[in-house]
2 protein chains.
Amino acid sequence: MSTPLTAEMFDDPDCSDRAQPFRVGEKWTGVVLRCLEGGPRRFSELRVPLHWITPKVLTETLRSMERNGFLTRTVHDENPPRVEYELTALGRSLLGPLDAACDWARVHLPEVVEARTAYETG
Amino acid sequence: MSTPLTAEMFDDPDCSDRAQPFRVGEKWTGVVLRCLEGGPRRFSELRVPLHWITPKVLTETLRSMERNGFLTRTVHDENPPRVEYELTALGRSLLGPLDAACDWARVHLPEVVEARTAYETG
DNA sequence: CGGCATCCTCCTAGATACTG
DNA sequence: CAGTATCTAGGAGGATGCCG
């Protein structure tokens, strides 16, 4: 079992969606990739790091990723129901370029902030 | 002088915006980066590979990139007026991660297409 | 040529409420 | 628990027309 996900884990301004000019697919896809990097996760579990994203939006995101072959959806026949999402090999292959984007942000984001300030000033 | 830009040059399905799940900033930023990779370009020149994007949208894109420090806008005092856009060092630094995204698409896009087909079939 | 001003449309995200 | 069903708001993208 891996450690539970928290909102703070993905609040890193260097890699959050808001902070970087790169996006993978729609708004939440990149963060979901990060969330599933360490192994399968349940629906409700994913809502936490996504700042209590509404179920509708999370479902849309996950269905889209499933459709693209980035993850699998497994329904365990239990009570209460349990559904787990897990990255496929194709989904994992996205982590490389995603890292490249995060690395860029880590290095160059200060320059962007500086450029914006300069633009507004002058 | 570099070769003129054409629409076909950026129609490569491997690297077009439509085809890949990666996006840099808003819709057209990635393609503009590619367009300016080989040197400065004029406003009208940029409209060609962007499929005759409307001036309003191109202006928005360029202003946003200028604001972020990705490119510079130079007005040459001539008649008729000439305005050139050129990548900054910061803008060029984006080409690395952009290449990573394009490389990913080149390799894995067929898998995505296959996954989508399989999803719809079954 | 290189824009700006208006208006319009679609799509995404979110809020809210309900269900097997 | 893991969703579905509606509705709404906001912003991005685009069409059109005018201007220095």
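Worth saying up front: this structure is predicted, and the values here are computed from it rather than measured. We name chains A, B, ... by the order of the sequence lines, and we start the count at 1 in each one. Values below: all heavy atoms of this structure, side chains included; hydrogens, waters and symmetry mates excluded.
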In whole angstrom, give the distance that lies between atom [atom1] of [X] and atom [atom2] of [N].
X     : N     : atom1 : atom2 : result
A/E45 : D/dG3 : CD    : C1'   : 16 Å
A/L58 : D/dT4 : CG    : P     : 11 Å
A/E78 : D/dC1 : CD    : C1'   : 11 Å
A/E84 : D/dA2 : CD    : P     : 9 Å
A/D77 : D/dC1 : CG    : C1'   : 13 Å

Does [N] have OP1 or OP2 sitting under 4.0 Å from an N or O in the side chain of [X]?
X     : N     : result
A/R63 : D/dA2 : no
A/T59 : D/dG3 : no
A/R82 : D/dA2 : no

* Asked: Closest heavy-atom contact between B/I53 and B/R47?
  -> O-NE, 2.9 Å
* To do: Search all heavy atoms of B/P49 against all heavy atoms of B/C35 and return the closest pair with its distance.
  => CG-SG, 3.5 Å
* To do: Using the salt bridge (charged side-chain N to carboxylate O under 4.0 Å, His left out) rule, collect all pairs that involve residues 89-100 of chain B, keeping only residues at least two apart or in two chains.
  => B/R34-B/D99
* Contact list for residues 110-122 of chain B, test salt bridge (charged side-chain N to carboxylate O under 4.0 Å, His left out), sequence neighbours left out -> A/R67-B/E120
Under the side chain to side chain donor-acceptor pair (under 3.5 Å) rule, collect the residues that match up with [X], sequence neighbours excluded.
X     : value
B/S93 : A/W104
A/S64 : A/E26
B/R73 : B/Y85

Show me the side-chain donor-acceptor pairs of residues 54-62 of chain A shorter than 3.5 Å, one per line, residues at least two apart or across chains.
| from | atom 1 | to | atom 2 | distance (Å) |
| --- | --- | --- | --- | --- |
| A/T59 | OG1 | A/P55 | O | 2.8 |
| A/T61 | OG1 | A/V57 | O | 2.9 |

* Asked: Where does the chain B footprint on DNA chain C start and end, counting 5' to 3' with a 4.0 Å heavy-atom cut-off?
  -> C/dC1 to C/dT6
* same_hphob_cluster(B/V75, B/L46) at 4.5 Å side-chain heavy-atom cutoff -> yes
* Structure fact -> Each nucleotide of nucleotides 12-20 of chain D classed B (base within 4.0 Å of a protein heavy atom), S (only sugar-phosphate) or -, in 5' to 3' order, makes -BBB-----
* Structure fact -> Residue set satisfying side-chain contact (heavy atoms from CB on, under 4.5 Å) with A/R82, at least two apart, ordered chain then number -> A/R42, A/H76, A/E78, A/E84
* Structure fact -> B/S44 meets the side-chain contact (heavy atoms from CB on, under 4.5 Å) criterion, sequence neighbours left out, with none
* Structure fact -> The bend of the helix from C/dC1-D/dG20 to C/dG20-D/dC1, taken between the axes of its five terminal pairs at each end and rounded to 10°, is 50°
